[in-house]
J.: 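Input: one structure, supplied below.
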Amino acid sequence: MVPEIKTVPLLQLASGDRLSLQVYRYVGRYPGKKIYIQANLHGAELAGNAVIHEVLAGLQTLDAADLRGEIWLVPLCNPLGVNQRSHHFATGRYNPYDGRDWNRIFWDYEKQVDRSCLQQFAQTHLKASLATLQSAYRHTIHQQFLADQQQEGQGGGAPIHHRYRNCLQSLALDADTVIDLHSSSNDGLTYLYYGGDRHLGAALFGLDLAIQLDRYDGDAFDEAFIKPWLALERELEILGRSLRFDLEAYTLELGSAMQMQPDSVERGVQGIQAYLYEKQVITQRWTTPLPLATPQLYRASDIQRYYAPTGGIVRSRVSLGDRVAQGQVLCEILQVPKGGDDYPHLMEMRAMQAGLVLDRGINQAVNEGEYVLALLLESSTESR
């Protein structure tokens with residue numbers, strides 16, 4: 001298959017240069033789902049671009065008859081963030097103009113309307129078929145999105161983060177599955193986030209860890225896509241109709257910031273291939289599949305973060321993926337006291353509860369109160 005390639009204008013810089021997105025669209029011979037995959041929403045999180053490159057190469061070995069529906073791929077989806085630098089370090093997590101997190105700015109239909117609108121829609125369409133219900137709700141979301149865009153375009157115009165989010169979300173609003181490829185902003189494992197009760201879909205990626213977003217983290221791309229559908233499912237449940245839309249959103253976290261770790265890239269590629277195949281989006285694989293894991297399932301609310309109780313230099317840290325016991329030393333912080341005659345000394349930071357080391361701060365020089373590491377609490381592991 002050969003993709004359709006489209007260049008989407010994004011915004012114009014003060015220099016006159018124009019930023020744009022490159023979209024690769026594969027269309028199958030038969031109708032089916034739309035799968036939307038993007039990478040590098042945060043500027044330092046690079047590995048997803050390598051994953052998209054490998055997926056592009058794999059899809060080109062298939063025939064149009066092997067694809068049902070469409071697959072859209074958008075690498076380097078945030079050129080502003082990708083190009084942001086401080087000395088040798090890529091930053092790009094926050095918009096330097098207004099300080100906003102690039103992945104906490106997205107338009108969420110559920111937040112734009114009163115709950116009464118959802119209740120009325122659910123009541124009106126209570127007896128409709130699943131296909132009719134889904135089509136009508138998607139149309140309602142899209143119309144509200146267009147109306148809000150039109151309103152923003154009047155008068156004084158829209159701020160940069162609105163212009164950016166509108167462009168990016170317009171590509172994915174009609175998708176059936178959204179897959180957002182990230183990495184840790186620090187030093188992290190490879191795992192997956194998912195919204196709602198989509199743990200069966202999350203398992204198809206075959207990663208070791210899957211974390212349910214059981215609390216709202218604030219206008220992230222995947223959350224903004226799936227939340228309106230979860231809200232409608234709840235309203236229908238209240239009215240006595242239990243259903244689940246075949247719509248899903250995932251964030252793949254592919255290792256550490258500013259790196260393309262080969263294992264994380266390979267696991268991302270294999271996970272996406274497995275998901276597409278099991279969902280019958282592709283009927284042939286482009287590579288021999290690797291053995292996939294059955295993920296341990298956690299909740300986002302069970303991530304326990306540790307912050308430096310004092311300023312200093314972090315040393316002797318536990319390793320990523322280590323399982324630690326309550327009371328075990330997580331790291332030592334080398335303190336150099338000022339204003340007295342004390343010598344430098346080490347302070348131990350110990351685990352408050354048993355857990356799995358999920359993520360570690362990339363900078364080992366910390367001010368008091370800065371992030372050090374995170375654990376997934378072992379007591380929260382669930383099998384479903």
Side-chain angles (χ1 to χ4, degrees), residues 42 45 93 101 103-104 182-200 202-203 205-218 220 222-223 250-257 261 263-264 267 271 293-335 345-384:
H42 286 136
E45 301 176 13
R93 185 176 185 86
D101 186 322
N103 197 27
R104 298 296 185 272
H182 284 252
S183 303
S184 172
S185 293
N186 294 293
D187 185 18
L189 297 176
T190 298
Y191 60 96
L192 177 142
Y193 282 118
Y194 66 99
D197 61 350
R198 274 47 174 182
H199 49 276
L200 295 178
F205 290 88
L207 299 179
D208 296 319
L209 300 173
I211 301 176
Q212 182 189 40
L213 293 166
D214 63 328
R215 60 185 181 191
Y216 185 55
D217 199 22
D222 57 341
E223 289 177 312
Y250 303 102
T251 289
L252 268 63
E253 295 282 351
L254 303 167
S256 302
Q261 296 167 318
D263 180 65
S264 293
R267 294 175 73 191
T294 299
Q296 287 185 279
L297 302 180
Y298 294 84
R299 294 187 175 93
S301 57
D302 296 315
I303 298 175
Q304 187 175 75
R305 293 179 172 85
Y306 287 78
Y307 299 89
T310 184
I313 309 300
V314 178
R315 52 175 290 185
S316 302
R317 297 184 297 176
V318 289
S319 299
L320 288 173
D322 280 357
R323 298 184 183 278
V324 299
Q326 183 177 6
Q328 182 175 334
V329 176
L330 298 173
C331 67
E332 298 172 332
I333 300 178
L334 175 61
Q335 280 186 288
H345 59 274
L346 294 172
M347 176 180 182
E348 294 179 339
M349 176 180 284
R350 295 180 177 270
M352 293 182 288
Q353 293 176 255
L356 174 75
V357 182
L358 177 70
D359 188 270
R360 304 186 308 177
I362 204 167
N363 191 342
Q364 291 181 237
V366 292
N367 297 317
E368 185 175 345
E370 290 184 347
Y371 176 75
V372 176
L373 56 78
L375 300 182
L376 277 172
L377 302 182
E378 290 292 0
S379 60
S380 67
T381 307
E382 292 190 7
S383 58
R384 301 184 186 183

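Side-chain atoms are counted along with the backbone in the values below, which use heavy atoms only and exclude waters and symmetry mates.
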J.: Measure the spacing between CD of Gln353 and CG of Leu377 and express it to the nearest 0.5 Å.
T.: 4.5 Å
J.: So which heavy atom on Tyr306 is nearest to which on Met352, and how close?
T.: OH-N, 2.8 Å
J.: Using a distance-only test with no angle check, is there a side-chain donor-acceptor pair under 3.5 angstrom linking Glu253 and His182?
T.: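 Checked: Glu253/His182 side chains show no N/O donor-acceptor pair below 3.5 Å.
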J.: How many angstroms lie between atom CD of Gln335 and atom NE2 of His345, to the nearest 0.5 angstrom?
T.: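 Going from the CD atom of Gln335 to the NE2 atom of His345 covers 4.0 Å.
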J.: Applying the side-chain contact (heavy atoms from CB on, under 4.5 Å) test to Arg323, which of Val357, Leu376, Leu356 qualifies?
T.: Leu356
J.: Could you tell me the separation between the CD atom of Glu348 and the OG atom of Ser316, rounded to the nearest 0.5 Å?
T.: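 Output value for this atom pair is 9.5 Å.
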J.: Is there side-chain contact between Tyr298 and Gln212, with heavy atoms separated by less than 4.5 Å?
T.: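 Side-chain contact under 4.5 Å: no.
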J.: Taking salt bridge (charged side-chain N to carboxylate O under 4.0 Å, His left out) as the definition, give me every residue that meets it alongside Asp208, ordered by chain and number, with sequence neighbours left out.
T.: Arg267
J.: Side-chain donor-acceptor pairs under 3.5 Å in residues 358-365, sequence neighbours left out?
T.:
from: Asp359; atom 1: OD1; to: Tyr371; atom 2: OH; distance (Å): 2.8
from: Asp359; atom 1: OD2; to: Ser184; atom 2: OG; distance (Å): 2.4
from: Arg360; atom 1: NE; to: Asp187; atom 2: OD2; distance (Å): 3.3
from: Arg360; atom 1: NH1; to: Val318; atom 2: O; distance (Å): 3.0
from: Arg360; atom 1: NH2; to: Asp187; atom 2: OD2; distance (Å): 2.8
from: Asn363; atom 1: OD1; to: Ala365; atom 2: N; distance (Å): 3.0
from: Gln364; atom 1: OE1; to: Arg317; atom 2: NH2; distance (Å): 3.3
from: Gln364; atom 1: NE2; to: Val314; atom 2: O; distance (Å): 2.8

J.: Okay, side chain of Arg215, backbone of Ala300: is any donor-acceptor separation there less than 3.5 Å?
T.: yes
J.: With a 4.5 Å limit on heavy-atom distance, are the side chains of Leu207 and Leu209 in contact?
T.: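 Contact flag for Leu207/Leu209 side chains = no.
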J.: Give the minimum heavy-atom separation between Gly218 and Arg104, together with the two atoms involved.
T.: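 Closest approach of Gly218 to Arg104: O-CD, 2.7 Å.
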J.: Indicate the atoms forming the closest heavy-atom contact of Leu192 with Ala202, along with that distance.
T.: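 That closest heavy-atom pairing would be CD2-CB, 3.6 Å.
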J.: Working to the nearest 0.5 Å, report the span between CD of Glu370 and OH of Tyr307.
T.: 11.0 Å
J.: If you look at every heavy atom in Ile211 and Arg299, which pair is closest and at what distance?
T.: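 Nearest pair, atom of Ile211 first, then Arg299: CG2-C, 3.6 Å.
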J.: Taking all atoms of both residues into account, what is the closest heavy-atom pair of Gly321 and Leu189, and its distance?
T.: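 Closest pair (atom of Gly321, atom of Leu189, distance): N-CD2, 3.8 Å.
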J.: Looking at CG of Leu252 and CZ of Phe205, how far apart are the two atoms once the value is rounded to the nearest 0.5 Å?
T.: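 The distance works out to 5.5 Å.
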J.: Out of curiosity, Arg350 CZ to Glu332 CD, how far, rounded to the nearest 0.5 Å?
T.: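 Atom-to-atom, Arg350:CZ and Glu332:CD are 9.5 Å apart.
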J.: Less than 4.5 Å apart, any side-chain heavy atom of Thr251 and any of Asn103?
T.: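 Side-chain contact under 4.5 Å: no.
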J.: If you look at every heavy atom in Leu254 and Ser183, which pair is closest and at what distance?
T.: O-OG, 3.3 Å
J.: Go through the steps for Arg93 and Glu45 under the test side chain to side chain contact (heavy atoms under 4.5 Å, CB included), then give the verdict.
T.: CA-CA 9 Å; Arg93 185 176 185 86; Glu45 301 176 13; 3.5 Å; yes
